[in-house]
Amino acid sequence: MRNSNSKGHELEKINEIIDNLKKISKEGFDGISDNYKQKLVYTLLNTVRARDKYKFIDSLSRVMAANMKSDKSDTFKKLAEKTAELQKVSDEIFMKYAYSIVLGIISSKNGEVNTTNINKED
Amino acid sequence: MEIEVGMQGDVSKSEIGSNLKEDTKNEKDLSLRFTGNWFVDAGILGFVNLMEEVYGDIWKSEEESKDKDFLTILQNKINENPEVIYYGYFPFGYLFYHSKLRVFYEEIRIIRKEIFGRDGINQKIAKINAEIYKLNANISKYTDEKERIKIEKKLERVKKKYRLLEEKRKNKFIEIENIRKKFNITKGEFVSCIYQITNFQEINEKKIKFLFPDFKLKFPASARNFYLFNSKETRTDPLRAYKYLSLLCQEKYEELLELIKKISPKSKKVKEGLTYELYPDSTINPFLYSPNSGNFSNLSYTLPLSIKEIKNTLKMDIPIYLLLLSFFNSFQFIGRNNVVFYTNNLEICYSINKIIRIKKEQRGGKSSLFQITWSSIIDELIEHKAKFALENMYIIEYEGIEQLKLKTVEYLGISKLQASIILDDIIRDNLNRNIQYREKTKDFKGDLWLLEEFIKGKPLYPIILNNVWLKINNKTKYFSKGASIYSLAVDAQIRKLGKNSNKLFSQDFFKDYKWIVNDIKREVQNISYTNAAFTDLFKNVEESERKKNLYELISALRSKNRSVFVNILLKILQSKKEKNRRNIIENYINENLLKQDNCWEIYALSLIIGLINYEKQ
């Protein structure tokens with residue numbers, strides 16, 4: 001009984017992180033050009049499919065680093081902290097977290113903000 | 001031997017005889033009612049069935065019994081005079097049921113059904129008559145010679161068919177006459193003999209021998225053989241068999257032993273005393289303890305108890321042997337098995353089993369018997385508003401008895417959860433479908449009835465997945481969006497409960513599952529809404545691309561690869577521009593595919609169904 005309780009608790013925690021990651025990544029990518037996001041999403045999806053945590057974190061970090069100076073710096077800082085933790089988690093949980101970040105990016109609003117910065121970094 | 005003497009000492013001859021009378025005087029409860037023990041209750045149900053089979057028509061035609069159901073009639077008769085029913089009518093009815101005479105009656109009944117029944121000879125003749133009349137009327141209308149000749153030829157063919165049917169009907173009546181000649185009793189004579197049973201202690205030898213001409217007890221494998229019934233002396237002598245059985249029910253053991261001595265003086269029982277007459281075992285009923293358990297390992301609850309012990313425990317005013325012998329009359333042959341649908345209320349249990357028997361007879365082998373049974377059960381229970389009966393229903397079935405052993409016995413219970421769900425009209429209607437789950441071949445239909453699988457506590461997801469796979473590959477025409485979505489929503493909710501769904505006495509046995517029906521309906525709404533959004537996303541997409549996506553998604557799902565499934569889905573979404581619809585799917589992925597570890601596959605399949613539905617449109 002205690003076991004199933006702790007399992008349930010763990011799942012709740014994971015689900016909370018999923019929501020949180022989706023929210024932060026949505027906030028971070030709101031207003032960024034759709035074309036760029038599309039390219040990034042494809043890259044990220046391919047890295048998750050290959051279960052390549054390192055490449056996923058690397059691709060995402062590049063984008064975030066490019067935006068650290070913008071008004072989104074706080075959000076990206078938060079996302080960067082969370083992303084760094086992805087290295088420690090299991091493949092199954094990594095898959096969940098990574099997809100929630102991608103979902104956040106996909107559901108973010110379209111726009112032209114900061115694309116120059118991003119493009120330069122890229 | 002000592003035990004038997006002890007038993008006889010305990011219950012003296014006069015005591016046994018007066019037991020029941022005194023009980024009646026003390027206003028003991030004589031009502032037939034279930035005890036909660038399925039084995040005993042199956043005996044009670046079997047007793048009612050057996051009595052109805054033999055005396056049903058006769059008693060129902062009595063003035064005071066008009067418009068009453070058989071259970072009430074039997075109950076009234078027991079209240080009036082229990083001894084006559086238990087020691088007179090029952091032994092006689094039991095012997096009649098297992099005698100050649102009933103075989104004759106049954107043969108006549110079947111032939112009469114062939115003549116007068118639905119789609120019987122009479123109906124066919126009436127149809128042909130109408131056709132002849134129509135053709136005759138048509139001939140005069142045609143002036144064209146060719147057409148007229150054509151109709152005349154057809155008329156000739158139909159008339160020939162008519163003559164053949166007339167001949168067939170005549171032969172059937174002759175058949176009935178020939179069977180009647182074998183026992184040479186009119187119905188009136190039979191009924192008048194039966195009424196003489198009221199004086200069961202002085203049963204008329206002449207009459208009983210007249211009733212059972214060419215008497216030979218014929219036991220089916222399901223009803224086990226008594227030693228005495230098997231002996232030449234009783235097997236062919238109805239009066240001896242009757243006396244033996246009556247004394248056994250009266251528990252007059254001394255007289256029983258005397259009878260055995262008289263019938264068969266060399267019998268082992270004369271030297272060693274009574275055996276299963278006092279301690280019923282698997283000789284009487286294979287569900288009981290087997291004395292040869294070394295050889296035949298029948299499972300039993302306990303070592304054999306004596307009749308007295310059983311009676312004391314059950315505190316019933318009904319002869320125990322009456323229950324043990326009638327036991328198999330509660331079962332009916334459905335599909336390949338002998339089945340009894342048991343619920344802890346005699347009235348409901350009796351009416352359910354009766355309806356199933358009637359429907360089974362009406363439909364013959366035309367449709368799935370299991371489907372008939374379940375729809376009958378549910379209809380009956382809904383009419384009675386007896387949710388508790390379904391919640392407490394067990395199905396006991398066995399394939400047969402082979403070499404003194406029960407073959408494939410199954411005890412199946414409907415859990416409270418399943419009962420709550422199928423009592424809802426909408427959910428039940430949607431699950432009440434046959435679904436193709438394997439490819440159809442010459443000998444294999446490849447379909448399953450969803451409701452049956454659900455009642456058995458099996459998951460519906462694999463069936464729907466296979467059906468969808470067949471549909472995508474054009475290997476089945478049959479696909480029902482409603483049935484699929486309801487099945488998946490039900491499965492998802494059950495998985496969320498973390499139940500194996502077939503545990504009868506789990507921790508939440510006493511929980512009420514009323515709310516689950518609402519949850520399922522909400523889930524159906526959620527799935528349908530997302531489904532429609534997903535369908536819309538493919539509105540202007542080329543057919544080849546849609547099919548490619550469909551194959552990719554179903555393949556990922558079949559290989560249970562959540563990561564690949566979500567990956568493909570996100571790539572599809574990324575390429576679509578309809579923001580609102582995309583948002584709906586995005587939320588669905590987040591909530592149901594990423595967060596639900598137990599049932600993500602169910603939600604994934606629900607989404608795929610949206611693309612199949614598109615195909616249909």
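Here the structure is a predicted model, which means the values were calculated and not measured. For the numbers below, each heavy atom of this structure counts, side chains included, while hydrogens, waters and symmetry mates do not. Below, chains carry the letters A, B, ... as their sequence lines are ordered, and counting in each starts from 1.
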Exercise. Under 6.0 Å from the NZ atom of A/Lys55, do we count more than 12 heavy atoms belonging to anything else shown?
Worked result: no
Problem set entry | B/Ile568 portion near chain A, given a 4.5 angstrom heavy-atom threshold | side chain
Exercise. Would you find more than 12 non-hydrogen atoms of other residues, nucleotides or ligands less than 6.0 Å from A/Lys78 atom NZ?
Worked result: no
Exercise. Would one find more than 12 heavy atoms of other residues, nucleotides or ligands at under 6.0 Å from atom NZ of B/Lys521?
Worked result: yes
Exercise. For A/Glu92, does its backbone N or O pair with a side-chain atom of B/Arg562 as donor and acceptor, under 3.5 Å?
Worked result: no
Problem set entry | B/Asn590 side chain reached by A/Ile18 side chain, heavy atoms, under 4.5 Å | yes
For this session: Go through the side-chain N and O atoms of B/Asn567 and A/Tyr99 and say whether any donor and acceptor fall under 3.5 Å apart.
Result: yes
For this session: Report yes if some heavy atom in the side chain of B/Gln574 is under 4.5 Å from a heavy atom in the side chain of A/Val102; otherwise report no.
Result: no
Seminar exercise, completed: d(A/Leu11 CG, B/Gln596 CD) to nearest 0.5 Å is 8.0 Å
Problem set entry | Under 4.5 Å from any heavy atom of chain A - which part of B/Asn561 | neither
Problem set entry | Reference residue B/Ser563; test side-chain contact (heavy atoms from CB on, under 4.5 Å); the match among A/Met95, A/Arg49, A/Lys96 | A/Met95
Problem set entry | Over all atoms of both residues, closest heavy-atom pair of B/Asn587 and A/Lys22 | OD1-NZ, 3.2 Å
Exercise. If you draw a 6.0 Å radius around NZ in B/Lys560, do more than 12 non-hydrogen atoms from other residues or ligands fall strictly inside?
Worked result: no
Exercise. Can you name the nearest heavy-atom pair linking A/Ser107 to B/Glu586, along with the distance?
Worked result: CB-OE1, 2.8 Å
Problem set entry | Option that, when pairs with chain B are counted at under 4.5 Å, heavy atom only, ranks first among A/Ile14, A/Asn46, A/Leu103 | A/Leu103
Exercise. What is the distance from atom CD of B/Glu591 to atom CG of A/Asp19, rounded to the nearest 0.5 Å?
Worked result: 6.0 Å
Problem set entry | Gap separating the CG atom of A/Leu45 from the CG atom of B/Leu573, nearest 0.5 angstrom | 10.0 Å
